[in-house]
Amino acid sequence: MKITQRWNEKDSDYIRQKVIEHNLANLPEEVKHPVKHISFIVRDEKEEILGGITGKIFWYHLHIHNLWVDQSLRGEGYGKQLLHHIETVAKENQCSLIQLDSFSFQAPDFYQKYGYEVVGSIDEFPTKEHSQYYLVKRLV
């Protein structure tokens with residue numbers, strides 16, 4: 001046996017698949033849900049992307065990966081609309097909760113305004129002046 005340091009996508013995908021297999025073997029059938037990737041994109045008249053939200057549904061929950069709105073559109077309600085759209089998809093897929101993380105310099109207050117609760121945080125990360133927040137919104 002030997003342990004080597006070398007990242008490549010094939011090895012990483014293999015490890016990820018083994019973790020998924022382990023997880024599925026330890027979960028009851030009623031929480032298993034087909035994985036669905038979800039995104040909504042804001043485009044201007046030239047089809048340029050000015051905002052969007054991405055996430056993934058699995059185990060009857062939605063994990064929001066990213067929400068971004070171009071600076072020129074902030075304050076006009078696009079973030080709220082994107083969040084509403086992805087929450088609607090979560091409800092249509094019988095998700096019981098939505099989870100995400102946000103740095104203090106991003107938008108934890110924005111999410112809290114729409115019913116998300118901080119369930120954990122890491123202080124002084126990624127810098128001494130910032131924190132990372134973990135938020136959830138229960139749908140059931």
Give the minimum heavy-atom separation between [X] and [Y], together with the two atoms involved.
{"X": "Ala107", "Y": "Ser102", "result": "N-OG, 3.1 Å"}
{"X": "Gly115", "Y": "Lys137", "result": "O-CG, 3.7 Å"}
{"X": "Ile57", "Y": "Cys95", "result": "CG2-SG, 3.8 Å"}
{"X": "Ile86", "Y": "Gly55", "result": "CD1-N, 4.1 Å"}

Out of curiosity, [X] [atom1] to [Y] [atom2], how far, rounded to the nearest 0.5 Å?
{"X": "Ile98", "Y": "Glu87", "atom1": "CD1", "atom2": "CD", "answer": "4.5 Å"}
{"X": "Ser104", "Y": "Asp109", "atom1": "OG", "atom2": "CG", "answer": "9.5 Å"}
{"X": "Leu82", "Y": "Thr54", "atom1": "CG", "atom2": "OG1", "answer": "10.5 Å"}
{"X": "Gln99", "Y": "Ile64", "atom1": "CD", "atom2": "CD1", "answer": "9.5 Å"}
{"X": "Glu129", "Y": "Glu124", "atom1": "CD", "atom2": "CD", "answer": "8.5 Å"}
{"X": "Asp101", "Y": "Gln132", "atom1": "CG", "atom2": "CD", "answer": "4.5 Å"}

Quiz prompt | Asn8 side chain to Asp11 backbone, donor-acceptor under 3.5 Å | solution =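 Yes, because the side chain of Asn8 sits within donor-acceptor range (under 3.5 Å) of the backbone of Asp11.
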Going only through I, L, V, M, F, W and Y residues with side-chain contacts under 4.5 Å, is there a path from [X] to [Y]?
{"X": "Leu100", "Y": "Val136", "answer": "no"}
{"X": "Val42", "Y": "Leu83", "answer": "yes"}
{"X": "Leu67", "Y": "Leu50", "answer": "yes"}
{"X": "Leu62", "Y": "Val89", "answer": "yes"}
{"X": "Tyr60", "Y": "Leu139", "answer": "no"}

Quiz item: With sequence neighbours left out, what residues match Glu45 under salt bridge (charged side-chain N to carboxylate O under 4.0 Å, His left out)?
Solution: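 Result, salt bridge (charged side-chain N to carboxylate O under 4.0 Å, His left out) vs Glu45: none returned.
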Exercise. Can you sort out the partners of Lys46 under salt bridge (charged side-chain N to carboxylate O under 4.0 Å, His left out), two or more places apart, ordered by chain and number?
Key: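 Not a single residue meets the salt bridge (charged side-chain N to carboxylate O under 4.0 Å, His left out) criterion with Lys46.
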Quiz item: Crowded around Phe110 CZ? As in, over 12 foreign heavy atoms under 6.0 Å?
Solution: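 Enclosed.
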Practice problem: Apply side-chain contact (heavy atoms from CB on, under 4.5 Å) to Tyr134 and Ile122, showing your working. | Solution: CA-CA 9 Å; Tyr134 295 89; Ile122 301 172; 3.7 Å; yes
Extract all donor-acceptor atom pairs below 3.5 Å that involve side chains of residues 30-40 and protein atoms in other chains or at least two apart in sequence.
from: Lys32; atom 1: NZ; to: Leu24; atom 2: O; distance (Å): 3.0
from: Lys32; atom 1: NZ; to: Glu29; atom 2: OE2; distance (Å): 2.9
from: Lys36; atom 1: NZ; to: Asn93; atom 2: OD1; distance (Å): 2.6

Exercise. Apply side-chain hydrogen bond (donor to acceptor under 3.5 Å, both in side chains) to Tyr114 and list each qualifying residue two or more places apart in sequence or on a separate chain.
Key: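 With neighbours one apart ignored, the set is empty.
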Just list the side-chain donor-acceptor pairs under 3.5 Å for residues 74-81, sequence neighbours left out, or say none.
from: Arg74; atom 1: NE; to: Val69; atom 2: O; distance (Å): 2.6
from: Arg74; atom 1: NH1; to: Gln71; atom 2: OE1; distance (Å): 2.8
from: Arg74; atom 1: NH2; to: Val69; atom 2: O; distance (Å): 2.8

Quiz prompt | Connected-component partners of Ile41 among ILVMFWY, side-chain separation under 4.5 Å | solution =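 Answer for Ile41: Ile49, Trp68.
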Quiz prompt | Close aromatic pair by centroid cut-off 6.0 Å: Phe105 and His130 | solution =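 When the ring centroids of Phe105 and His130 are compared, they turn out to be within the sub-6.0 Å range.
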